[in-house]
Amino acid sequence: MTPVRCVANLLSCLLLTVPALAQEAAGHKLPDHHAKAGVHCFDCHHEEKPTKKAVASDSCMTCHGDYPAMKALTKDAKPNPHDSHLGEIPCTECHRQHQPPKVKCLECHEGKFKFNIR
């Protein structure tokens, strides 16, 4: 590989990591699976400089599928968190990307179920 190509590759890698580093420096670290996938603020928030408002579930569904798809994906979980008696709960009620996840079900059913949430 030529020196020019090495420098070009290095610069490309740096440019791809700058948004993630900026988020992390601001205290907004993404979970590893989203960071590795190259997800950036705009992808979910649809804003260049996001506010603290929750991301709409439609943003999540762009990559992860709608509620029926998530219900099918987690069909073996007992109980299935995407088949709630409360209906379609906003994704960010449990999957809070800049904070630890929270299991909405356990607000009422504390100690009754175990979930492996990401």
Side-chain angles (χ1 to χ4, degrees):
M1 186 179 294
T2 67
V4 172
R5 189 161 178 94
C6 285
V7 170
N9 285 341
L10 178 62
L11 287 175
S12 294
C13 288
L14 286 173
L15 288 174
L16 290 173
T17 58
V18 166
L21 292 174
Q23 284 181 358
E24 191 170 332
H28 302 292
K29 185 175 186 217
L30 280 175
D32 289 340
H33 58 277
H34 277 159
K36 286 178 185 175
V39 175
H40 300 291
C41 301
F42 190 85
D43 297 327
C44 301
H45 292 275
H46 303 288
E47 299 176 10
E48 287 299 327
K49 295 182 180 180
T51 62
K52 291 186 177 191
K53 69 179 179 182
V55 170
S57 291
D58 289 345
S59 289
C60 304
M61 292 176 190
T62 300
C63 297
H64 296 282
D66 59 10
Y67 281 101
M70 292 308 302
K71 179 180 171 182
L73 184 68
T74 57
K75 70 182 182 316
D76 294 331
K78 302 296 180 215
N80 187 338
H82 298 104
D83 188 18
S84 171
H85 61 89
L86 297 176
E88 296 181 351
I89 298 169
C91 301
T92 56
E93 287 289 321
C94 297
H95 305 279
R96 303 173 319 159
Q97 296 307 294
H98 302 296
Q99 300 170 0
K102 176 181 172 186
V103 181
K104 183 82 173 156
C105 301
L106 298 180
E107 288 179 3
C108 298
H109 304 284
E110 186 177 346
K112 188 171 180 181
F113 305 116
K114 291 190 183 245
F115 292 95
N116 181 17
I117 187 171
R118 293 185 274 161

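- By the 4.5 Å heavy-atom criterion applied to side chains, Val103 and Pro81 are not counted as neighbours.
- Classification of the His109-His85 ring pair by plane angle, with boundaries at 30° and 60°, yields perpendicular.
- When all heavy atoms are compared, the tightest approach of Gly38 to Asp43 is O-OD2, 3.8 Å.
- The distance from atom OG1 of Thr62 to atom NE2 of His46, rounded to the nearest 0.5 Å, is 5.5 Å.
- Between the CD atom in Glu88 and the CE atom in Met70 there is a gap of 12.5 Å [rounded to 0.5 Å].
- More than 12 heavy atoms of other residues, nucleotides or ligands shown are found within 6.0 angstrom of CD on Glu47.
- Atom CD of residue Glu93 and atom CD of residue Glu107 lie 7.0 Å apart, to the nearest 0.5 angstrom.
- To the nearest 0.5 angstrom, Ser57 atom OG is 9.5 Å from His95 atom NE2.
- Heavy-atom minimum distance, Val39 versus Cys44: CG1-SG, 4.0 Å.
- In this structure, NZ in Lys104 is found 13.5 Å from SG in Cys91, a value given to the nearest 0.5 Å.
- A distance of 10.5 Å separates OG1 in Thr92 from NZ in Lys102, rounded to the nearest 0.5 Å.
- A donor-acceptor pair under 3.5 Å is absent between the side-chain atoms of Thr74 and the main chain of Asn80, judged by distance alone.
- Remark: the backbone N or O of Asp83 is not paired with any side-chain donor or acceptor of Tyr67 at under 3.5 angstrom.
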